[in-house]
Student: 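The structure that follows is given in the form of structure tokens.
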Amino acid sequence: MYNKIIDSLNKVQKEAVFYDGGSELVFAGAGTGKTKVLTSKIAWLLKEKHLYPNQIFAATFTKKAANEMRERVALAIGQSVEGLWIGTFHSLCSKILHIEADKLGFTRNFTIYDSSDQITLLKSVMKEINADESRYPPKSMLSVISSHKSRFELPDELFAKLNSYSDRKIIELYDGYQNALKRANAMDYDDLMLYTLMLFEKNKEILQKYQNFFKFILVDEYQDTNHVQFLLVQTLSGGKTPVFAVGDDDQSIYSWRGAQIENILNFAKHFPNTKMFKLEQNYRSTEQILNFANTMIDASVKKRSGKKLWTGTKNGSPVKVYNYSSDVQEAQRVCQEIIDAISNGHNPSEIAILYRTNAQSRLFEQNLQGKAPYVVVGGMSFYERKEIKDILAYLKFLVNPQDDISLLRILNVPARGIGATSQEKIVAAANEKGVTCGELLVSGQAQNLLTSKSASGAASLRKIIENLFELMKTATAKELIQQLLEETNYIKILLEEKSEEANERAENVKELVNAVSFWQMKNEDGGIADFIEEITLSSAIDETDGAAEAVNLMTFHTAKGLEFDKVFLVGIEDDILPSGLSRDDKQKVDEECRLFYVGITRARKELNCSFASRRMRFGGIKPMNPSPFLDKIPTSAYKMFNLSNEYDNFSFSQRNNAEIYSKKVFSYESKQKNDDFVEKRVYVADEYIGSANEKRLRAGVLVRHDKFGVGRVLSVNGFADAQQTTILFEGGVRKQLMTKIAKLEIL
DNA sequence: TTGTTTATTCTTTTT
DNA sequence: GAATAAACAA
């Protein structure tokens, strides 16, 4: 098998795999066999260089990629690769930290806080130091903190170079947040890497241990590494261990998460005697799709390493670009085409709908519902649901009793009479005594602080927790969660509500038990702590069942690394792609362009892009324009279909119906409410008409032409250079003009 | 203290 | 439109 795989490599791929002179950087364009090269390299190291699996450190971007590579390596060398250090930076660091936690003042069973835990914790810190939430929005504070962390900027140094009050408060928050995490024996995502790096910097013996341990370091998706990750690789390599980095600057789409595209562009400077390889032969897409991608990114992004993908695959079908009248029509048409394709024998799992934001999935789901199997990857995950987070909070507290965030979440869940006032009392007492809330509760001191009703609630929670602590010593993960549900009556209380929603929640909780059981079968000696860590470090893509035969719906970001025969890129509109929040910053716009590029290059055989002229956004219908990225592509690179004048009335009435149902107007009896309904309806219609009054060129707008004078636009067809405007001028003169040439002034 | 309704705010991407 | 916060009633 090994020889067969090596033989199937092309010339450059072979050179990269067999190179034996130190660090390497492989620029691997989309679909050029990146994973193949990585797995071949690992197989080569094991087979030809006789390394042990545990001497190889390989960082990937998702767990799914790691698993896939592990399997492929095992297949190639025909034996198990147990012990291979392969995973995301987060999970690899977590593995090291679990071993070395005590050197950093944590215990082995520290908790990893997810984003909602982070917000709760930060908010509690803000309360403590009197930071106003409207002035310091927790969410944006967290992103500031995160970017400091990803650049390895610690609170102490930041305090040293302060200049204004505002800065100081933010660093105080950062500092307070870090201390609170430590008190809770918890780390956030950034901490996993930050603390590993700090461990290596502080403790040279430990660093040497790992440096001697690893004989080869591989990093996938190198363009998406942040500064701390770069430092980790550099430190671990120590200038000696070869680093094999693979990446594509054209697919750098995570700068908002701290990724530095400079890492890949400056790789040769950072690692001595780097050998560079460029993979440019694409094995995935048709010539038409590649041409579409290449011309788009060539024209839009200047700062690139520069490479040109090419393919031997001719005879593909042209890329299609559709202009729809509305988001509703877009969803209907796209879904109908998919349904037809499936009935013509297409495999649903080879079809994908990709969009910029998760919110866009809804209309597509509605139109596929009951007509075609589909999966929505990402968005609100199963583990983010209230009921699941509740149960997990119990489990997290049991694993790490210092975890106050989890304790406060379950303090009154299910309701046991410990409201906001009681909770504040406990928190205040804990702060005063310098202990955790958990300690107060378990020791029984919490009860003494409270009024009789709340005190008995606290006592019953204490009892539950003590029982579970005891059970945890002997029970399996599955038994523990079952007993937990039993003692808290969680499911029973839900079922007593007798509402559809509560029933569904109860079902979800049962599903969690199933998930634990299933996991336990695969991880026989794993404890509940391992289960929790696995799900907190999983991404949406890891959770999806690859075997499911279903149409895939996901964001451009989530789609990175995947490929499908038939791809629909929807909502390719200005203000969505690029996002309105990126529009003013050239660097951000470039990243959005690369995001579009990532989307395009997911397609193997067929690519369809679409944009709508109107779209429901922020609770209203807004006029939309095609993405400026489409303008950059020569019209010869695709086939344009303008359907913006069809089905207008249909989408109109459907929207009004949606309005009626969403407001539940029919459920109101009173006359007054019915009047509201009428008003609402008029309002909706007004918005449609209102859109024409905006300073945009579309039907209804008054324009002035140098020669023909003032006229009213009847219709606008096509876009970019090919866009034509039909105008009825004063005196009944009707003209069809090329927008680009006829300098129209919008009145 | 708890559950419900109303008001307000904020709308990107995720390990 | 949705999620969250605030206000209110019980």
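To find a chain, count down the sequence lines: A is the first, B the second, and so on, and within it residues start at 1.
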Student: With sequence neighbours left out, write down each residue that passes side chain to side chain donor-acceptor pair (under 3.5 Å) with A:H148, or none if nothing qualifies.
Tutor: A:E153
Student: Can you figure out which of B:dT12, B:dT2, C:dG1 approaches the side chain of A:N412 most closely?
Tutor: B:dT2
Student: Which is more 5' along DNA chain B, the nucleotide nearest A:F89 or the one nearest A:T451? Just name the residue.
Tutor: A:T451
Student: Expressed as a whole number of angstroms, how long is the span from A:I253:CD1 to B:dT15:P?
Tutor: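 Going from CD1 in A:I253 over to P in B:dT15 covers 11 Å.
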Student: Nearest whole Å is fine: how far is C:dT4 C1' from A:I119 CD1?
Tutor: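 So the CD1-C1' distance, A:I119 to C:dT4, works out to 11 Å.
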Student: With heavy atoms under 4.0 Å as the rule, sort A:D114 into base, sugar-phosphate or nothing.
Tutor: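 Contact class for A:D114: none.
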Student: Expressed in angstrom and rounded to an integer, what is the separation of A:K95 atom NZ from B:dT15 atom P?
Tutor: 21 Å
Student: Applying salt bridge (charged side-chain N to carboxylate O under 4.0 Å, His left out), name anything that partners A:K560, two or more places apart in sequence or on another chain.
Tutor: A:E221, A:D224
Student: Using atom P in both nucleotides, what's the gap between C:dA3 and B:dT14 to the nearest angstrom?
Tutor: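 After rounding to an integer number of Å, I get 16 Å for this pair.
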Student: From the list C:dG1, B:dT13, B:dT11, which nucleotide is the closest neighbour of the side chain of A:T357?
Tutor: B:dT13
Student: Can you tell me if the side-chain N/O atoms of A:T421 get under 4.0 Å from OP1 or OP2 in B:dT1?
Tutor: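 For B:dT1, OP1 or OP2 has a side-chain N or O of A:T421 closer than 4.0 Å.
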Student: Select from A:T558 and A:G419 the residue whose nearest nucleotide in DNA chain B is closer to the 5' end of that strand.
Tutor: A:G419
Student: How is A:T62 classified with respect to the nucleic acid when contacts are heavy atoms under 4.0 Å: base, sugar-phosphate, or nothing?
Tutor: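 Nothing, no heavy atom under 4.0 Å.
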Student: For the side chain of A:K123, starting at C-beta, report the closest nucleotide among C:dA5, C:dG1, B:dT1.
Tutor: C:dA5
Student: Send over the distance from A:E133 CD to B:dT9 C1', rounded to a whole Å.
Tutor: 13 Å
Student: Can you tell me how far P of B:dT14 sits from CZ of A:R356, to the nearest Å?
Tutor: 9 Å
Student: Heavy atoms from C-beta onward define the side chain here; which of B:dT12, B:dT1, B:dT15 lies closest to that of A:L581?
Tutor: B:dT12
Student: Any heavy-atom pair between the side chains of A:F531 and A:L395 that's under 4.5 Å?
Tutor: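 No, too far: nothing below the 4.5 Å cut-off.
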Student: Rounded to whole Å, how long is the line connecting atom CG of A:D220 with atom P of B:dT15?
Tutor: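 Going from CG in A:D220 over to P in B:dT15 covers 15 Å.
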Student: Which nucleotide, B:dT1, C:dG1, B:dT12, lies nearest any side-chain atom of A:M616?
Tutor: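 Nearest nucleotide to the side chain: C:dG1.
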Student: Quick one: which of B:dT15, C:dA2, B:dT14 gets closest to the side chain of A:Y189?
Tutor: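 Nearest to the side chain of A:Y189 among the choices is B:dT15.
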Student: Nearest to the side chain of A:N358, heavy atoms from C-beta on, is which of B:dT14, B:dT2, B:dT12?
Tutor: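 Within the option list, the nearest is B:dT14.
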Student: Judged by modelled atom types alone, do A:Y113 and A:D191 share a side-chain donor-acceptor pair under 3.5 Å?
Tutor: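 A:Y113 vs A:D191: no donor-acceptor pair found between side chains.
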Student: Within the 4.0 Å heavy-atom criterion, would you say A:T536 contacts the bases, only the backbone, or no part of the nucleic acid?
Tutor: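 Counting heavy atoms under 4.0 Å across all strands, no contact is made by A:T536.
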Student: Of A:L408, A:L407, A:L411, which is the lone residue that meets side-chain contact (heavy atoms from CB on, under 4.5 Å) with A:I426?
Tutor: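 Exactly one option meets the side-chain contact (heavy atoms from CB on, under 4.5 Å) with A:I426, and it is A:L411.
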Student: Can you figure out which of B:dT14, B:dT13, B:dT11 approaches the side chain of A:R257 most closely?
Tutor: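 When the side chain of A:R257 is considered, B:dT14 is the closest of B:dT14, B:dT13, B:dT11.
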Student: Please find out if less than 6.0 Å separates the ring center of A:F61 from that of A:F89.
Tutor: no
Student: Does B:dT13 have A:Y254 stacked on its base, where the ring centres are within less than 5.5 Å and the planes differ by under 30°?
Tutor: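 Per 5.5 Å and 30° rule: no stacking.
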Student: Please work out if A:R362 contacts a base, only the sugar-phosphate, or nothing of the nucleic acid, heavy-atom cut-off 4.0 Å.
Tutor: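 Since only primed, P, OP1 and OP2 atoms lie under 4.0 Å of A:R362, the category is sugar-phosphate.
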Student: Would you please classify the geometry between the A:F110 ring and the A:F106 ring as parallel, tilted or perpendicular, with 30° and 60° separating the classes?
Tutor: perpendicular
Student: Using the P atom in both, what is the distance from B:dT13 to C:dT4, to the nearest Å?
Tutor: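 Between the two P atoms, the distance is 14 Å.
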Student: From OH of A:Y355 over to P of B:dT13, roughly how many Å is that when rounded to an integer?
Tutor: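 After rounding, the reported distance stands at 10 Å.
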Student: Does the B:dT11 base have a donor-acceptor partner in the side chain of A:R617 within less than 3.5 Å?
Tutor: no
Student: Can you see if the side chain of A:S422 gets near the phosphate of B:dT1 - specifically, an N or O under 4.0 Å from OP1 or OP2?
Tutor: yes
Student: Closest to the A:W256 side chain: B:dT1, B:dT14, B:dT15?
Tutor: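 The closest nucleotide is B:dT14.
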Student: Hey, is the side chain of A:S115 poking within less than 4.0 Å of OP1 or OP2 on B:dT15, counting only N and O atoms?
Tutor: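 No.
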Student: Rounding to an integer number of Å, can you tell me how far A:K386 NZ sits from B:dG3 C1'?
Tutor: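 Spelled out: NZ on A:K386 to C1' on B:dG3 is 14 Å.
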